[in-house]
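Below, read A as the first sequence line, B as the second, and so on, with proteins coming before strands; counting in each chain starts at 1. None of these values were measured; they are calculated from a predicted model.
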Protein chains: 2
Amino acid sequence: MKIKMNPADKFRRPARVLKTVGHPDRLAIVEMLEHGEMSVNEIAEVLGTKQSITSQHLNMMRDKGVLYARREGIKVFYGIENKNVIRLLHCIHQSCDTSLQDQN
Amino acid sequence: MKIKMNPADKFRRPARVLKTVGHPDRLAIVEMLEHGEMSVNEIAEVLGTKQSITSQHLNMMRDKGVLYARREGIKVFYGIENKNVIRLLHCIHQSCDTSLQDQN
DNA sequence: AAGATATATAGTAATATTACTATATAGTGG
DNA sequence: CCACTATATAGTAATATTACTATATATCTT
């Protein structure tokens with residue numbers, strides 16, 4: 001049994017994470033949650049997006065292992081499960097102000 | 001004139017870059033190019049993907065400002081235009097071995 | 001110009017994302 | 001149980017991605 005390994009194979013999961021946070025709203029959510037949990041409505045309000053969309057983003061990121069969810073009574077609080085995404089965020093901020101955005 | 005700014009606005013471009021490299025083949029390409037330029041065929045061969053697909057990935061990353069292309073005779077060499085993606089890659093590798101892949 | 005090599009692109013089908021509305025579900029308090 | 005608040009989900013339409021085949025374009029060599 002010889003299993004063919006492509007160079008891309010080891011990037012399957014990192015790529016999935018990058019794709020997961022590769023959305024303006026979702027990146028903003030990660031930043032908001034960096035310093036603590038927030039409820040769905042809080043997040044939606046800050047983002048200025050509809051509740052249902054926010055919920056979808058949050059659920060999606062939880063599915064991918066980026067966030068976790070914790071119910072507290074009537075509310076659900078989300079937090080960062082995969083701490084590496086914070087590292088990612090810092091990496092983005094660190095790259096100057098215009099960082100990953102611009103060239104060089 | 002008051003322009004409404006959402007928290008997500010400042011993440012438009014970083015998110016686009018993350019999405020751009022959020023594909024196993026494209027991440028692998030970035031890694032391959034970290035230490036120097038390569039031609040399309042070289043890249044395709046190492047990746048084990050078809051030439052046309054590789055070309056599409058390369059073109060796409062060039063469009064998004066991640067890579068640059070340089071023609072040399074009959075060949076086209078690609079290299080990394082946005083050096084911040086290298087930082088990203090290191091960030092991924094640095095996060096343990098199982099890094100961004102796993103939780104925590 | 002013809003042939004060979006390297007790269008790009010057109011066309012396409014399957015699938016995924018995105019953003020939306022409306023509705024359903026879960027928990028709390030009366 | 002009912003009303004209320006908070007969250008999740010179903011259904012949907014527009015658009016984007018992906019991977020593929022076939023073909024076009026560009027460059028060099030003879």
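- Going from atom CZ of A:Arg62 over to atom C1' of D:dT9 covers 12 Å, rounded to whole Å.
- For B:Asn41, no side-chain nitrogen or oxygen approaches OP1 or OP2 of C:dT5 to under 4.0 Å.
- Phosphate contact (OP1/OP2 of C:dA8, side-chain N/O of B:Tyr78, threshold under 4.0 Å): present.
- Contact check, B:Arg26 against D:dT18: a side-chain N or O comes under 4.0 Å of OP1 or OP2.
- The side-chain contact (heavy atoms from CB on, under 4.5 Å) with B:Val30 is formed by just one residue from the set B:Ile80, B:Thr20, B:Asp25; it is B:Ile80.
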B/S/- contact track for nucleotides 23-30 of chain D, protein heavy atom under 4.0 Å:
---SBS--
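- The 12-atom threshold is not exceeded at CD of A:Glu45, counting heavy atoms of other residues, nucleotides or ligands nearer than 6.0 Å.
- Separating the CD1 atom of B:Ile43 from the P atom of C:dT7 is a distance of 9 Å, rounded to the nearest angstrom.
- For the pair A:Lys19 and A:Ser52, both in contact range of DNA chain C, the more 5′-proximal nearest nucleotide belongs to A:Lys19.
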CA sep, side-chain torsions, deciding dist, call: B:Leu67, B:Leu33, side-chain contact (heavy atoms from CB on, under 4.5 Å):
CA-CA 9 Å; B:Leu67 303 182; B:Leu33 298 182; 3.8 Å; yes
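- Straight-line distance from the CG atom of B:Asn59 to the C1' atom of D:dT17: 15 Å, rounded to whole Å.
- Side-chain N/O atoms of B:His57 include none lying less than 4.0 angstrom from OP1 or OP2 on C:dA8.
- Looking at heavy-atom distances under 4.0 Å, A:Phe77 makes no contact with the nucleic acid at all.
- The pair A:Lys10-B:Glu31 meets the salt-bridge criterion, with a side-chain N (NZ, NE, NH1 or NH2) lying under 4.0 Å from an Asp/Glu carboxylate O.
- Considering only the side chain of B:Lys75, C:dA6 comes nearest among D:dT18, C:dC20, C:dA6.
- Listed nucleotides: C:dC20, D:dA8, C:dA8. Nearest to the side chain of A:Gln56: C:dC20.
- B:Thr54 comes within contact range of no nucleotide atom at all, as no heavy-atom separation falls under 4.0 Å.
- For D:dA16, neither phosphate oxygen OP1 nor OP2 lies less than 4.0 angstrom from any side-chain nitrogen or oxygen of A:His23.
- Across the protein-nucleic acid pair, B:Arg70 atom CZ and C:dA8 atom P stand 13 Å apart, rounded to whole Å.
- With no hydrogens or angles considered, no side-chain donor-acceptor pair links A:Glu42 and A:Tyr78 at under 3.5 Å.
- For B:Ile29 and C:dT7, the CD1 to C1' distance is 14 Å, given to the nearest whole Å.
- Of all nucleotides listed (D:dA8, C:dT7, D:dC20), D:dC20 comes nearest to the side chain of B:Lys50.
- We find that CE of A:Met61 is positioned 14 Å from C1' of C:dT18, with the value rounded to whole Å.
- If you take CG of A:Leu18 and P of D:dT17, they are 16 Å apart, rounded to a whole angstrom.
- Looking only at side-chain heavy atoms (C-beta outward), A:Leu88 and A:Leu18 come within less than 4.5 Å of each other.
- Considering only heavy atoms from C-beta on, A:Glu81 stays 4.5 Å or farther from A:Arg62 through its side chain.
- Considering B:Val85, B:Asn84, B:Leu58, B:Ile29 in turn, B:Val85 is the only one that fulfils the side-chain contact (heavy atoms from CB on, under 4.5 Å) rule with B:Val66.
- A straight line from CD1 of A:Ile53 to C1' of D:dA14 spans 14 Å, rounded to a whole angstrom.
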